[in-house]
Amino acid sequence: LTPEMIASGSWRSKTFKPYNFSALGVPPARGHLHPLLKVRAEFRQIFLEMGFSEMPTNRYVESSFWNFDALFQPQQHPARDAHDTFFISDPANSVSLPADYLPKVKRVHSQGGFGSQGYGYDWKLEEAQKNLLRTHTTAVSARMLRQLAQEKEFRPVKYFSIDRVFRNETLDATHLAEFHQVEGLVADRGLTLGHLMGVINEFFKKLGIEQIRFKPAYNPYTEPSMEIFSWHAGLGKWVEIGNSGVFRPEMLLPMGLPEDVNVIAWGLSLERPTMIKYKLDNIRDLCGHRVDL
Ligand SMILES: COC[C@@H]1[C@H](c2ccc(C#Cc3ccccc3)cc2)[C@@H]2CN(C(=O)Nc3ccc(OC4CC4)cc3)C[C@@H](O)[C@@H](O)CN12
């Protein structure tokens, strides 16, 4: 049916197929929310429902001190090598590290303390001052726990973070030089591994994952540590869905937290669950624009 047919009246001699009122209109060209940000909002909602508060993660450039040393990660650890970490050339160094806290970190690395023998190496300030792109949001957790330790009275907290982290990795279909880390932590007196398993179970249950298992693992800053696995019915096998652990006393006590306070934490990425949810098999599809999502 055209305007000419209507004007000339020629439409009278034509036959038209019945109008399909249930036909969909042409989708208007409009904006889309990014899948990663939609999954981030989902994770944020779950943490908030569980009573967690979001940590301030608006600092991509971090000092080696907060990213590694405060976490009792030794200065010769391979993760601190340039092939794993992006170091910053300008400004190359952080010169405003906490003067009262730093000697305690130096001591626990070089001589030990609090019942630990430490690593027995000559800890160097220059190494701790090197600026980098944070390799995990656990650097933010360290800053927040130090702040908590400086308060007059200890109070239990539940914190979370979901933000970008950077690793000098070889790129492939599932690895980029940056990804979003999701991290949750609980600080309270008398927390046990049972509490850690329980909070992880609760978190993943809210994501629709009921069947998870834990496997002993190693992290430089948590002891004990556990990898988290979930049964993937489609693949017919257990797949790793995260990592977890109890922060070490060598990390918490130099901060000034009371000896009977434990901090349990776990982490996962945002990209993996987003790729599963949106059936993407190349992580690069999460960057740049994609029309047919
Ligand atoms: C360099 O790789 C690091 C990243 C990322 C990761 C690993 C560990 C942590 C951590 C931690 C931690 C430990 C102790 C204390 C504090 C933080 C955070 C992110 C994922 C962690 N992983 C991961 O996310 N896997 C995952 C998560 C969710 C998912 O879908 C479910 C619906 C929810 C499916 C898969 C496991 C693997 O994918 C792994 O190969 C890749 N890992």
Side-chain angles (χ1 to χ4, degrees), residues 35-36 38-40 42-43 46-47 52 55 57 67 70-73 78-79 83-85 134-142 144-145 158-187 191 193 196-197 199-235 237-248 251-252 262-281 283 286:
L36 272 179
K38 288 199 271 192
V39 176
R40 183 179 68 176
E42 226 178 291
F43 278 33
I46 287 172
F47 275 117
F52 285 67
M55 293 187 266
T57 55
N67 198 80
L71 298 173
F72 195 57
Q73 192 148 346
H83 72 266
D84 262 12
T85 299
R134 67 178 175 214
T135 62
H136 47 198
T137 50
T138 319
V140 186
S141 305
M144 293 299 284
L145 290 167
K158 297 191 285 195
Y159 289 146
F160 79 94
S161 57
I162 309 176
D163 211 333
R164 294 164 99 162
V165 296
F166 308 85
R167 299 203 183 171
N168 196 350
E169 300 236 359
T170 314
L171 308 184
D172 62 27
T174 58
H175 288 87
L176 290 173
E178 61 180 83
F179 65 92
H180 290 72
Q181 180 173 340
V182 179
E183 181 162 327
L185 72 83
V186 182
L191 289 179
L193 215 46
L196 178 56
M197 293 174 161
V199 69
I200 291 171
N201 267 309
E202 188 58 26
F203 176 78
F204 280 105
K205 204 162 112 188
K206 286 176 176 286
L207 276 167
I209 294 186
E210 305 275 344
Q211 214 182 1
I212 65 174
R213 281 190 179 163
F214 298 93
K215 185 176 149 196
Y218 174 78
N219 288 319
Y221 41 86
T222 51
E223 184 56 38
S225 309
M226 304 179 296
E227 282 168 349
I228 310 163
F229 286 81
S230 151
W231 177 254
H232 191 300
L235 299 174
K237 63 177 189 174
W238 290 92
V239 291
E240 190 190 342
I241 59 170
N243 197 299
S244 66
V246 182
F247 283 131
R248 299 179 66 134
M251 169 182 162
L252 302 179
N262 297 111
V263 183
I264 56 177
W266 76 101
L268 63 150
S269 76
L270 199 58
E271 281 72 8
R272 287 286 193 285
T274 304
M275 289 173 73
I276 290 173
K277 181 182 175 100
Y278 289 92
K279 299 180 176 48
L280 301 172
D281 51 18
I283 193 167
L286 286 174

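In each ligand, atom 1 is the first atom listed, and ligand 1 is the first ligand listed.
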Contact check: S269 vs ligand 1, nitrogen or oxygen atoms, below 3.5 angstrom = yes

For ligand 1, is any non-hydrogen atom under 4.0 Å from [X]'s backbone (N, CA, C, O), its side chain (CB onward), both, or neither?
{"X": "I276", "answer": "side chain"}
{"X": "E169", "answer": "side chain"}
{"X": "H175", "answer": "neither"}
{"X": "R167", "answer": "side chain"}

Verify atom 7 (C) of ligand 1: protein non-hydrogen atom under 4.0 angstrom away |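 No, because not a single protein heavy atom sits under 4.0 Å from atom 7 (C) of ligand 1.
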
Atom 42 (N) of ligand 1 protein-contacted (non-hydrogen atom, under 4.0 angstrom) = no

Any heavy-atom pair between the side chains of [Y] and [X] that's under 4.5 Å?
{"X": "L176", "Y": "E271", "result": "no"}
{"X": "F179", "Y": "L270", "result": "no"}
{"X": "V199", "Y": "W266", "result": "yes"}
{"X": "M251", "Y": "L145", "result": "yes"}
{"X": "M55", "Y": "D163", "result": "no"}

Atom NZ of K38 with >12 non-hydrogen neighbours under 6.0 angstrom | yes

Students should be able to answer this: which protein heavy-atom is nearest to [atom], and at what distance?
{"atom": "atom 36 (C) of ligand 1", "answer": "E240 O, 3.5 Å"}
{"atom": "atom 15 (C) of ligand 1", "answer": "A265 CB, 3.7 Å"}
{"atom": "atom 17 (C) of ligand 1", "answer": "E183 OE1, 3.6 Å"}
{"atom": "atom 3 (C) of ligand 1", "answer": "F179 CZ, 3.7 Å"}
{"atom": "atom 12 (C) of ligand 1", "answer": "G267 N, 3.8 Å"}
{"atom": "atom 28 (C) of ligand 1", "answer": "P273 CD, 3.6 Å"}

ring-ring contact (aromatic ring centres under 6.0 Å, His included) with W238: of F229, W231, F214, only one passes, and it is W231

Would you please classify the geometry between the Y221 ring and the F247 ring as parallel, tilted or perpendicular, with 30° and 60° separating the classes?
->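 Ring orientation, 0 to 90° scale: tilted.
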
Kindly assign one of parallel, tilted or perpendicular to the pair F160 and F47, based on the angle between their ring planes and the thresholds 30° and 60°.
-> parallel

Regarding T135 and N67, is there a side-chain donor-to-acceptor distance under 3.5 Å anywhere?
-> yes

Winner among [options] once heavy atoms are compared against [atom]:
{"atom": "atom 31 (C) of ligand 1", "options": "I264, I209, N219", "answer": "I209"}
{"atom": "atom 14 (C) of ligand 1", "options": "S161, A217, S244", "answer": "S244"}
{"atom": "atom 26 (C) of ligand 1", "options": "V39, I241, I212", "answer": "I241"}
{"atom": "atom 35 (C) of ligand 1", "options": "M275, M226, R272", "answer": "R272"}

With I264 as reference, evaluate L196, L193, L185, T222 under the side-chain contact (heavy atoms from CB on, under 4.5 Å) test and give the passing residue.
-> L196

